[in-house]
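Report on one structure; see the data block that follows.
No hydrogens, no waters, no symmetry mates; every other heavy atom, side chains included, goes into these values. Convention: sequence-line order gives letters A, B, ...; per-chain numbering from 1.
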Amino acid sequence: MIDVRRLRTDLEATTAALSRKRVPAEDVQRAASLDVASRDLASQTEDLRARIKVLSRQVGEVMRASGPQAAEELREQSRRLGEELSALEARAAEVDAQLRDALLRLPNLPAEDAPEGASEADNVVVRTVGFDPGRYQPHQRVPHWDIGNELGILDLERGAKIGGSMFPLFRGAGATLSRALCQLALDRNSDAFTEVRPPSLVRAPVLEATGQLPKFADEAYHIERDDLWAVPTAEVPLTSMRAGEIIPEAELPLRLMAYTPCFRREAGAAGRDTRGLLRVHEFDKVEILSVCTREQAPEMLQELLARAIGSIEALGLPYRVLDICTGDLGQSHARSFDVEVYAPGCDMWLEVSSVSWFSDYQARRAGIRYRPSGGGGNQVCDTLNGSALAVPRVWAALVETYRQEDGSVLLPECLHPYFRGATRIAASVSR
RNA sequence: GGAGGGAUGGCAGAGCGGCCGAAUGCGAGGCUCUUGAAAAGCCUUGGGAGUGCAAGCUCCCCGUGGGUUCAAAUCCCACUCCCUCCGCCA
């Protein structure tokens with residue numbers, strides 16, 4: 001969440017910044033008013049509590065000096081104040097809960113240099129690499145769901161039989177490819193990132209820290225019996241790994257990476273882009289993430305982006321980079337770059353990575369701070385993350401791009417080590 | 001799943017319901033002494049909120065949330081986590 005103090009010292013500027021993200025001024029004003037009310041009630045309760053403390057001490061002294069009877073009047077006085085106090089506290093709790101909820105729902109401020117825009121149509125293509133629409137042969141213009149079927153490496157029908165629609169099933173070399181892509185991403189980033197294998201089911205506060213709750217509860221799978229949530233991305237458990245901790249500045253920046261399955265209900269996107277692997281409920285992804293200082297953040301954003309692109313380049317896929325406009329930035333995001341690969345079979349640009357800077361929005365929710373080396377007060381950290389590689393869409397673009405005239409799929413060289421000597425995927429006999 | 005035990009500051013570890021935000025030890029930082037170091041001595045050393053130009057003042061936090069009481073780290077209840085034993089299990 002944003003720093004409440006911004007609402008006190010900089011209400012106008014904050015409202016203006018949030019309006020770039022299409023947040024109505026009333027929402028900001030409401031939070032600001034609740035904050036005023038909350039502080040007012042807090043100072044009243046503090047006052048009362050202080051008086052009760054003094055009285056209580058006196059009660060003790062009088063009782064010791066002159067016995068219980070002598071203290072009766074003081075006790076009565078304190079009891080009355082106590083009743084007043086609990087009434088006041090109840091009101092304060094009510095207002096605080098409202099303030100917290102309002103604050104939790106306010107999006108992060110966009111970065112100043114994030115491009116202005118109303119929707120995804122206004123995202124700015126920063127660069128396009130390796131894309132030449134005239135280069136593609138007819139045998140590459142086959143969508144991956146057909147290729148997958150033909151080669152027996154993607155079985156959407158049987159996936160649906162087991163998990164329902166949008167739960168893909170990979171088999172044979174298709175399954176190997178899925179795993180190989182993850183392994184590739186982990187290997188490529190192991191020079192600087194610590195690998196983590198976190199839980200895939202998490203508690204509500206963990207989802208709240210990264211911004212999925214309370215606002216986007218419909219997007220996540222919830223296991224009611226145990227009140228656990230399936231992670232939509234490794235960003236969620238990785239960000240909360242250091243929740244509530246104060247990290248010495250010397251340890252920053254933290255660099256973490258994790259492979260996890262990712263679960264998404266895609267409630268808001270029903271019916272859109274649902275063919276094949278374009279949008280699925282469960283997929284594998286390797287995420288890279290950093291916790292750092294405000295000063296380290298800009299460089300880290302570039303590093304994460306370079307690493308996300310690095311894997312795509314290694315795979316030899318054409319891609320482009322989008323600078324996400326204010327109207328399309330996610331709730332927690334200050335600045336985002338999307339990486340899209342071109343899939344010739346479906347003739348579409350597929351988003352395969354989103355590299356984002358969250359400023360201190362997530363870290364404040366999660367309570368991740370650092371102790372500055374030079375002394376002074378503890379500071380809230382910045383967080384950044386991006387997909388190092390998200391399997392299904394890369395899988396799709398890859399089989400479409402590398403499909404040969406005979407229908408087999410040639411594997412890019414960087415994947416060979418993971419394929420037990422194979423260099424191409426041909427039709428398998430067994431079904 | 002069953003039976004026990006536990007959770008206090010960076011760590012260890014005290015804490016008859018009333019100067020306890022918390023003894024003590026270790027660790028860390030600063031200073032004195034020293035040519036330098038060690039030793040010794042002195043001092044400092046948790047997090048957060050409000051208010052004030054500031055010095056400061058006030059309040060909250062002893063796993064979390066409730067309750068009892070004039071007053072809770074201390075008593076009661078619930079939950080979470082950790083440890084030990086039994087059962088089950090990849």
- [ ] Look at all strands and tell whether A:Asp47 reaches a base, only sugar-phosphate, or nothing, counting heavy atoms closer than 4.0 Å.
- [x] nothing
- [ ] For B:rU69 versus B:rC86, give the span between their C1' atoms, rounded off to a whole number of Å.
- [x] 41 Å
TODO: Just compare B:rG48, B:rC60, B:rA49 and give me whichever is closest to any side-chain atom of A:Glu46.
DONE: B:rA49
Open item on the list: Closest approach to the side chain of A:Ile52, judged atom by atom: which nucleotide of B:rC59, B:rU80, B:rA71 is it?
Closed with: B:rA71
Open item on the list: From the set B:rU80, B:rC59, B:rG18, return the single nucleotide nearest to any side-chain atom of A:Met63.
Closed with: B:rG18
Task: With A:Met166, the side chain to side chain contact (heavy atoms under 4.5 Å, CB included) member among A:Glu282, A:Arg265, A:Arg279 - done: A:Arg279
Open item on the list: From CG of A:Asp96 over to P of B:rC60, roughly how many Å is that when rounded to an integer?
Closed with: 15 Å
Task: Residue A:Lys53, side-chain atoms from C-beta onward, closest of B:rG47, B:rC59, B:rU80 - done: B:rC59
Task: Distance, C1' atom - from B:rU80 to B:rG30, rounded to whole angstrom - done: 41 Å
TODO: Using atom CD of A:Gln58 as one end and atom C1' of B:rG18 as the other, report the distance to the nearest whole Å.
DONE: 13 Å
Task: Gap between atoms CZ and P, on A:Arg5 and B:rU51 respectively (whole Å) - done: 11 Å
- [ ] Write down the distance between CZ (A:Arg51) and C1' (B:rA71), rounded to a whole number of angstrom.
- [x] 16 Å
Open item on the list: Please confirm whether the shortest side-chain N or O distance from A:Arg371 to OP1 or OP2 of B:rG47 is below 4.0 Å.
Closed with: yes
- [ ] Return the nearest nucleotide to the side chain of A:Ser56; candidates are B:rA71, B:rU58, B:rG47.
- [x] B:rA71
Open item on the list: Could you tell me how far B:rA72 sits from B:rC60 if I compare only their C1' atoms? Round to whole Å.
Closed with: 14 Å
- [ ] Please round to the nearest 0.5 Å and tell me the distance separating atom CD of A:Glu26 and atom OG1 of A:Thr15.
- [x] 10.5 Å
Task: Non-hydrogen atoms of A:Met241 and A:Glu245 that approach each other most closely - done: O-OE2, 3.7 Å
TODO: Grab the CG-P distance between A:Leu88 and B:rC60 for me, whole Å please.
DONE: 14 Å
TODO: Taking only the side-chain nitrogens and oxygens of A:Arg49, find out if one of them lies under 4.0 Å from OP1 or OP2 of B:rA72.
DONE: no
Task: Nearest-angstrom distance, P atom, B:rG63 to B:rG9 - done: 8 Å
Open item on the list: What does the 5'-to-3' dot-bracket notation of RNA chain B look like when only Watson-Crick and G-U wobble pairs under 3.5 Å count, and pairs to other strands show as |?
Closed with: ((((((((.[[[..)..(.....]]]((((((.......))))))((((((....)))))).[[[[[..)....]]]]])))))))....
- [ ] Tell me yes or no: between the side chains of A:Asn108 and A:Ser359, is some donor less than 3.5 Å from an acceptor?
- [x] yes
Open item on the list: Show the nearest heavy-atom pair for residues A:Leu184 and A:Tyr418, with the distance to one decimal.
Closed with: CA-OH, 3.6 Å
Task: Nearest-nucleotide 5' precedence on RNA chain B, A:Gln379 against A:Gly82 - done: A:Gln379
- [ ] Only one of A:Arg365, A:Arg100, A:Arg203 passes salt bridge (charged side-chain N to carboxylate O under 4.0 Å, His left out) with A:Glu208; say which it is.
- [x] A:Arg100
Task: Between P of B:rU58 and CG of A:Asp40, the distance in whole Å - done: 21 Å
TODO: Give a yes/no on whether any side-chain N or O of A:Arg39 is located under 4.0 angstrom from OP1 or OP2 of B:rU51.
DONE: yes
Open item on the list: I'd like to know whether A:His281 forms a ring-ring contact (aromatic ring centres under 6.0 Å, His included) with A:Phe263, so could you lay out the CA-CA distance, the side-chain angles of the two residues, the decisive distance to 0.1 Å, and finally the verdict.
Closed with: CA-CA 5 Å; A:His281 286 314; A:Phe263 299 92; 9.9 Å; no
- [ ] Figure out the CZ/P separation between A:Arg75 and B:rU69, and round it to whole Å.
- [x] 10 Å
Task: Pairwise C1' distance, B:rA7 and B:rC79 [rounded to whole Å] - done: 14 Å
TODO: With P as the reference atom in both, quote the distance from B:rG15 to B:rG67 in angstrom, rounded to an integer.
DONE: 28 Å
Open item on the list: Quiz question: by atom type and distance under 3.5 Å, do the side chains of A:Gln98 and A:Glu94 form a donor-acceptor pair?
Closed with: yes
- [ ] Sticking with atom C1', work out how far B:rG17 lies from B:rG13, rounded to a whole angstrom.
- [x] 22 Å
Open item on the list: Need one value for A:Ala42: base, sugar-phosphate or nothing, where a base atom within 4.0 Å counts as base even if backbone is also close, heavy atoms only.
Closed with: nothing
Task: Residues A:Arg105 and A:Asp101 bridged, charged N to O under 4.0 Å - done: yes
- [ ] Using only side-chain N and O atoms of A:Arg79, determine if any of them is under 4.0 Å from OP1 or OP2 of B:rC70.
- [x] yes
TODO: In whole angstrom, give me the gap between the C1' atoms of B:rA12 and B:rA23.
DONE: 14 Å
Task: Atom-pair distance (CD1 on A:Ile246; C1' on B:rC11), nearest Å - done: 16 Å
Task: Selection from B:rG18, B:rG47, B:rC59 that lies nearest to any side-chain heavy atom of A:Arg64 - done: B:rG18
